[in-house]
Amino acid sequence: MNGRCVITVGDLGEFGIVARIAGRLPQGRTVLLGPGDDAAMVGAPDGRVVVTTDLLIENRHFRLDWSSAYDIGRKAAAQNLSDVVAMGADPTGIVVGLGLPAATAAGWLDDLADGFRDECDLVGASVVGGDITRCDLVVIGVTALGDLGGRPPVTRAGARPGDVVAVAGRLGHAAAGLALLQADRAGGAGPDDPNPELTALVDAHRRPRPPYPCGAQAAELGATAMLDVSDGLLQDLGHVADASGVGIVLDPAAFAVPAGLETAARLLGADPLEWVLTGGEDHALAATFPGGVRLPPVWTEIGRVTEGKGVEVEGRTSEHGGWDHFRA
Ligand SMILES: [Mg+2]
């Protein structure tokens with residue numbers, strides 16, 4: 001690269017890479033045997049293991065010119081850890097499968113590993129193993145494990161008429177950040193006028209902040225159904241409605257639209273409520289609770305569960321989570 005000496009993953013070879021990455025990954029209390037053997041061993045005190053996996057592909061799920069390696073690692077870990085948390089479980093470990101071009105700088109891989117490590121550290125989990133292979137594009141497969149700690153799993157299928165619907169975490173921030181990047185307005189009005197409200201939204205796209213402690217908390221509060229919002233609130237709550245055989249009525253007035261979203265929407269001529277209702281990738285938690293439950297302030301009540309089907313906002317129902325039904 002430009003005549004400079006950059007060590008690439010091709011120079012290191014598979015064993016060199018594995019040794020280099022393993023040295024950056026401390027093993028936490030859940031790990032009985034870490035990387036280096038044929039397989040790792042992770043404690044499962046509950047006796048039941050929660051497991052989930054996600055595959056991310058360059059230019060489809062992330063862009064190397066929009067996100068750093070560190071941010072990609074954080075985000076890839078976060079979306080899997082969030083799925084574990086959305087079952088009411090505590091994440092314990094992740095394994096990572098990587099496809100990387102041989103010309104990838106070793107430092108890029110270091111940063112990716114550090115991103116995985118730091119996101120896992122937020123929930124007391126560890127990167128316990130993985131595999132790496134040569135590939136034309138960057139491909140990242142993550143599998144996450146979790147332990148229920150004696151709690152019942154919170155599925156999508158338990159919502160009952162009379163329950164309240166509540167969310168914890170951010171909605172619409174990542175979608176607004178992505179829209180700013182796509183419009184080349186990530187810095188605000190221009191490079192001489194960076195707007196911290198807007199850069200915070202772009203950061204939200206690059207690095208979600210799932211409300212991790214709220215998953216087990218919801219399970220302990222008796223949540224009847226839960227998921228993390230990865231595809232958009234309307235669509236994801238539609239999954240709860242379908243799986244539970246109920247309807248969900250949302251109150252748009254319950255959604256406080258933050259000033260940053262209003263600013264971004266004015267700049268782009270967009271509707272901030274559309275980002276809130278249909279934007280994915282913030283990995284907020286959405287859950288239903290028995291009516292009359294007293295929720296801690298991190299949870300915002302946004303609606304209720306009814307007999308019926310689909311998700312209804314202001315008298316209009318969408319069974320497919322599309323915004324067009326509501327905007328008409
Ligand atoms: Mg999910």
Side-chain angles (χ1 to χ4, degrees), residues 54 56 58-83 85-86 111-112 114-116 118-123 140 142 166-189 191 193-215 227-237 254-286 298-300 302 323:
D54 254 321
L56 294 97
E58 179 185 350
N59 296 334
R60 180 168 173 85
H61 300 100
F62 57 88
R63 278 178 51 164
L64 298 180
D65 55 340
W66 283 355
S67 296
S68 69
Y70 181 76
D71 288 340
I72 292 167
R74 290 286 297 258
K75 186 171 185 169
Q79 66 187 58
N80 283 275
L81 298 171
S82 173
D83 278 330
V85 161
D111 292 345
L112 183 75
D114 290 353
F116 277 112
D118 289 353
E119 194 69 21
C120 284
D121 196 48
L122 294 177
V123 293
I140 305 170
V142 183
V167 291
R170 307 188 294 190
L171 293 168
H173 291 232
L178 178 60
L180 288 164
L181 284 165
Q182 287 169 334
D184 204 16
R185 305 296 289 273
D193 182 25
N195 180 331
E197 283 182 334
L198 301 182
T199 52
L201 296 174
V202 174
D203 287 346
H205 162 73
R206 292 180 172 137
R207 200 187 300 178
R209 292 210 304 253
Y212 293 121
C214 296
L227 45 59
D228 71 320
V229 180
S230 50
D231 296 322
L233 185 68
L234 291 181
Q235 187 166 324
D236 287 320
L237 283 180
F255 296 93
V257 176
L261 282 185
E262 300 274 12
T263 304
R266 270 197 305 278
L267 186 68
L268 300 179
D271 178 351
L273 194 57
E274 176 171 356
W275 286 328
V276 169
L277 291 175
T278 69
E281 295 201 315
D282 285 302
H283 300 284
L285 288 170
V298 290
W299 290 92
T300 303
I302 58 167
W323 173 251

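In this chain, numbering begins with 1 at the start of the sequence shown.
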Separation of [Y] [atom2] from [X] [atom1] (nearest 0.5 Å):
X: Gln79; Y: His283; atom1: CD; atom2: NE2; value: 5.0 Å
X: Leu56; Y: Ile140; atom1: CG; atom2: CD1; value: 6.0 Å
X: Asp203; Y: Arg209; atom1: CG; atom2: CZ; value: 9.0 Å
X: Thr199; Y: Leu180; atom1: OG1; atom2: CG; value: 9.5 Å
X: Ile72; Y: Leu64; atom1: CD1; atom2: CG; value: 5.0 Å
X: Leu198; Y: Arg185; atom1: CG; atom2: CZ; value: 9.0 Å

Minimum heavy-atom distance [X]-[Y], with the two atoms named:
X: Ala174; Y: Ala204; answer: CB-O, 3.8 Å
X: Leu181; Y: Trp66; answer: O-CZ2, 3.6 Å
X: Leu81; Y: Glu119; answer: CD1-O, 3.8 Å
X: Ala286; Y: Val229; answer: CB-CG2, 4.1 Å
X: Leu112; Y: Gly73; answer: CD1-N, 3.6 Å
X: Pro211; Y: Leu285; answer: O-CD1, 3.7 Å

Just do the salt bridge (charged side-chain N to carboxylate O under 4.0 Å, His left out) check on Lys75 and Glu281 with the steps written out, would you? CA-CA 9 Å; Lys75 186 171 185 169; Glu281 295 201 315; 3.2 Å; yes
Could you go through Val202 and Arg206, starting from their C-alpha distance and side-chain angles, then the distance that decides it, and tell me whether this counts as side chain to side chain contact (heavy atoms under 4.5 Å, CB included)? CA-CA 6 Å; Val202 174; Arg206 292 180 172 137; 3.5 Å; yes
[X] side chain to [Y] main-chain N or O, any donor-acceptor pair under 3.5 Å?
X: Asp71; Y: Arg207; result: no
X: Asp228; Y: Ser230; result: no
X: Thr278; Y: Trp275; result: no
X: Asp282; Y: Gly172; result: yes

Show your reasoning for whether side chain to side chain contact (heavy atoms under 4.5 Å, CB included) applies to Asp118 and Tyr70. CA-CA 9 Å; Asp118 289 353; Tyr70 181 76; 2.6 Å; yes
Where do Arg74 and Leu122 land on the side chain to side chain contact (heavy atoms under 4.5 Å, CB included) test, with the steps shown first? CA-CA 10 Å; Arg74 290 286 297 258; Leu122 294 177; 3.9 Å; yes
Carefully, step by step, assess Leu233 and Val276 under the rule side chain to side chain contact (heavy atoms under 4.5 Å, CB included). CA-CA 7 Å; Leu233 185 68; Val276 169; 5.6 Å; no
